[in-house]
There are 2 protein chains.
Amino acid sequence: MSPLVKIRSERDQMSAVERRIADFILENAQLLRDYSSQQLANALGISQSSVVKFTQKLGFKGYPDLKYSVGEAIARADNGDATHVATQAKAAFDESASGNLWRRKAESEEETRLINAPETLQAVAEAIATAGTKGKVFMIGLGDDDIYARSFALRLSLLGVPSIHNFDAPRMAASVSAAGAGDVLLVFSEHGNHPALCKIGRFFRERRGRLITVTRHTSNPLRAIADLALLVSAHDDRPYIQPVLYQSALQHLLDGVYVQLCEGDEQRHVQLLSNLERVQQMLEP
Amino acid sequence: MSPLVKIRSERDQMSAVERRIADFILENAQLLRDYSSQQLANALGISQSSVVKFTQKLGFKGYPDLKYSVGEAIARADNGDATHVATQAKAAFDESASGNLWRRKAESEEETRLINAPETLQAVAEAIATAGTKGKVFMIGLGDDDIYARSFALRLSLLGVPSIHNFDAPRMAASVSAAGAGDVLLVFSEHGNHPALCKIGRFFRERRGRLITVTRHTSNPLRAIADLALLVSAHDDRPYIQPVLYQSALQHLLDGVYVQLCEGDEQRHVQLLSNLERVQQMLEP
DNA sequence: CGTATCGAAGCATAAATTATTGACCGTCGA
DNA sequence: TCGACGGTCAATAATTTATGCTTCGATACG
């Protein structure tokens, strides 16, 4: 992945100094060519070691490695900002605008894919699968987040995994009181700081259920108490674009889990196909 | 000028050692990334200072400068894929599965984009915009299709365009009886052959409302009676993948309309931003 | 509250990498 | 033959990068 995309995706979780480094690099990527780590540090009035530690935290071998990567990125011109500025200039709705939106979605998808370990996705799929056969699957999301919960619940039902779906906290609290070991609660909450949802989550865990959260990748109280946390990364300066990207990235994350559920187990796969056929028959005639 | 071209062009006037360096770099440019000047010297059995002198003779500031330039050149030319692929080889299975799904989504998006004329999208956006200020926006979808209606309704509400949203046919029939000229009815129906929805659509048109349908691109009775028809193309042999692609392509189509609505009109844009801010404030504290 | 803990940041310094110096050696032309 | 010259290298200086340690402030906890 482009180092610039990576930097931007993690910018939100950075400390003040780190964020200043990130911003400087994002805005002056071309200057990096002539900067040593010391010069960069001077330009920002911080210590050279902070620069090095910054690069290492991002997963680069060190400062020269980052520098090299940024050089490649610039050469490819895949910094994602230039195109993005070009979009804004154009008010007209045309192919390039739509194409750009898709490109931005692809970036969010990539960022999101990279911050979720494949093992986590696997684990989520398995937890849902076992809860689906031997226990119960609970699901909740408020406001916009209800959309994701709802659509995922529909998908699961096709797999023969019914779920208990609520869209307000009090009712969910009541439902969850019936939970037990091995059950799963999926909580969708973009910012993950809704007190009621945290409360329900904690309560659910007390009852020995597995708590799966789906939130933005910033650290948040909900994610903190989860057994399994799915994270979504999506950024855009334009406040009306960001939710579009968030939804798209989140949806793809869930689609990944869904596909894994579909393909993971032979028996479930057969069940799925027959369900789909039955649904088809109900709708057609 | 590309450093690789430069090296090749001066190769003939070089000394034996220099030529060996040149050849090595030309043939193993990707390896340079992980080589220090000392390592390169060792690989060739020559002294490190020869390497540095070589770079300086070519007009580079020094070894790191050459290295950086070669990195750029590789990135531009795309010759260096070998290393790139090798780096990402880990987690190959999951990544490729997920990446594949995304690629399929991109294909559906493209097909969908191509079968919807930009003018149609424009017209849809405008119809919704005017109905939003001077009339009413109705919205309906059944089953899975309700998801799209619901999420689009939420988006519209942020734009200051409230909508009358129902998820069953009888109630919608009742609601629609209040419709008049200039109003808009959005009907989501994947296969477009639900008799009740067709009936509602016809009834709505009798009352001089604009009927907008969102269906699969196959010909279907619902689409046939629409004033404006948005079409979605999404295919996959695997029956559990197809809905995923359908949803993604449809979502992107709607996102396009949404963005168009956001950016199309200055006044609405301002309204949107203040709405977003207000929503933000409601959620944060 | 006081205190333990953790992480972020800087300073000092070790380690590494890079650049330069000066010595050596072979070649070539006078 | 000898001196000039270019090329190479080893040694070393200079620079750049990486790391260990300390301090400080925020946060959690008793």
Side-chain angles (χ1 to χ4, degrees), chain A residues 3 7 10-25 28 31-71 192-193 195 198-199 201-202 205 217-226, chain B residues 3 7 10-25 28-29 31-72:
Chain A
I7 289 173
E10 303 198 6
R11 201 193 96 98
D12 287 356
Q13 319 172 58
M14 291 176 182
S15 68
V17 167
E18 287 171 334
R19 196 156 15 219
R20 281 175 57 209
I21 302 175
D23 290 343
F24 184 90
I25 294 177
N28 308 289
L31 291 186
L32 220 59
R33 168 165 202 150
D34 307 307
Y35 273 41
S36 67
S37 63
Q38 181 67 66
Q39 285 174 299
L40 175 54
N42 290 342
L44 293 169
I46 60 176
S47 75
Q48 178 257 346
S49 58
S50 293
V51 173
V52 174
K53 282 169 186 166
F54 170 84
T55 64
Q56 292 173 329
K57 245 191 210 169
L58 280 166
F60 296 94
K61 267 177 57 185
Y63 177 76
D65 191 26
L66 167 73
K67 189 162 152 177
Y68 191 95
S69 293
V70 170
N193 52 14
C198 292
K199 218 170 199 166
R202 265 191 293 272
R205 292 205 57 185
H217 69 137
T218 48
S219 62
N220 62 64
L222 190 57
R223 166 188 173 183
I225 59 171
Chain B
I7 289 172
E10 302 198 9
R11 200 193 98 101
D12 291 347
Q13 289 118 53
M14 291 177 181
S15 70
V17 169
E18 286 170 337
R19 201 165 324 179
R20 282 175 58 208
I21 301 175
D23 290 344
F24 184 91
I25 294 177
N28 308 289
L31 291 186
L32 220 60
R33 169 167 205 151
D34 306 308
Y35 274 40
S36 66
S37 61
Q38 181 66 68
Q39 286 175 297
L40 175 53
N42 290 343
L44 292 167
I46 60 174
S47 77
Q48 178 258 346
S49 59
S50 295
V51 174
V52 174
K53 289 229 169 111
F54 171 84
T55 65
Q56 291 171 332
K57 246 192 210 171
L58 280 166
F60 296 95
K61 268 177 57 185
Y63 177 75
D65 192 26
L66 167 73
K67 187 162 155 178
Y68 190 98
S69 292
V70 170
E72 287 179 316

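By convention in this document, chain letters (A, B, ...) are assigned in the order of the sequence lines, proteins followed by strands, and residues within each chain are numbered from 1.
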Asks: Between D/dA18, C/dT18, D/dG7, which nucleotide gets closest to the side-chain atoms of B/Ser15?
Replies: D/dG7

Asks: Would you find a donor on one side and an acceptor on the other, under 3.5 Å apart, between the side chain of A/Lys67 and the backbone of A/Ser37?
Replies: no

Asks: Summarise how protein sits on nucleotides 22-27 of chain D as a single string, 5' to 3': B when a protein heavy atom is under 4.0 Å from the base, S for sugar-phosphate-only contact, - for no contact.
Replies: ------

Asks: Please report the closest heavy-atom contact between B/Ala29 and B/Val70, naming both atoms and the distance.
Replies: CB-CG1, 3.9 Å

Asks: Round to the nearest Å and state the distance from B/Arg20 atom CZ to D/dC9 atom C1'.
Replies: 14 Å

Asks: Send over the distance from B/Gln38 CD to D/dA11 P, rounded to a whole Å.
Replies: 12 Å

Asks: Expressed as a whole number of angstroms, how long is the span from B/Leu40:CG to D/dT8:C1'?
Replies: 15 Å

Asks: Rounded to the nearest angstrom, tell me the gap between atom CZ in A/Phe60 and atom C1' in D/dT17.
Replies: 16 Å

Asks: Please list, chain by chain and in numerical order, all residues satisfying salt bridge (Lys or Arg N to Asp or Glu O under 4.0 Å) with A/Lys199, sequence neighbours excluded.
Replies: none

Asks: B/Arg19 has an atom CZ; how far is it from atom P of D/dG6, in whole Å?
Replies: 18 Å

Asks: Specify the separation, in whole Å, of atom NZ of A/Lys61 and atom P of C/dA16.
Replies: 13 Å

Asks: Hey, does the side chain of B/Arg11 reach the backbone of B/Ala22 with a donor-acceptor pair shorter than 3.5 angstrom?
Replies: no

Asks: Got a salt bridge between A/Lys57 and A/Glu10, using NZ or NE/NH1/NH2 to carboxylate O under 4.0 Å?
Replies: no

Asks: State, with a plain yes or no, whether a side-chain heavy atom of B/Arg33 is found less than 4.5 Å away from one of A/Asp65.
Replies: yes

Asks: D/dT16 C1' sits how many Å from A/Asn42 CG, rounded?
Replies: 13 Å

Asks: Do A/Phe54 and A/Ile25 have side chains that approach each other closer than 4.5 Å (heavy atoms only, starting at C-beta)?
Replies: yes

Asks: Output the rounded distance in Å from NZ (A/Lys67) to C1' (D/dA18).
Replies: 15 Å

Asks: Check DNA chain D against residues 46-55 of chain A and give the residues with a non-hydrogen atom under 4.0 Å, in numerical order.
Replies: A/Gln48, A/Ser49, A/Val52, A/Lys53

Asks: Quick one: does B/Tyr35's side chain get under 4.5 Å of B/Asn28's, heavy atoms only?
Replies: no

Asks: Can you confirm whether A/Tyr63 sits close enough to A/Leu32 that some side-chain heavy atom of one is under 4.5 Å from a side-chain heavy atom of the other?
Replies: yes

Asks: Is B/Lys57 touching bases, backbone alone, or none of the nucleic acid, heavy atoms closer than 4.0 Å?
Replies: sugar-phosphate

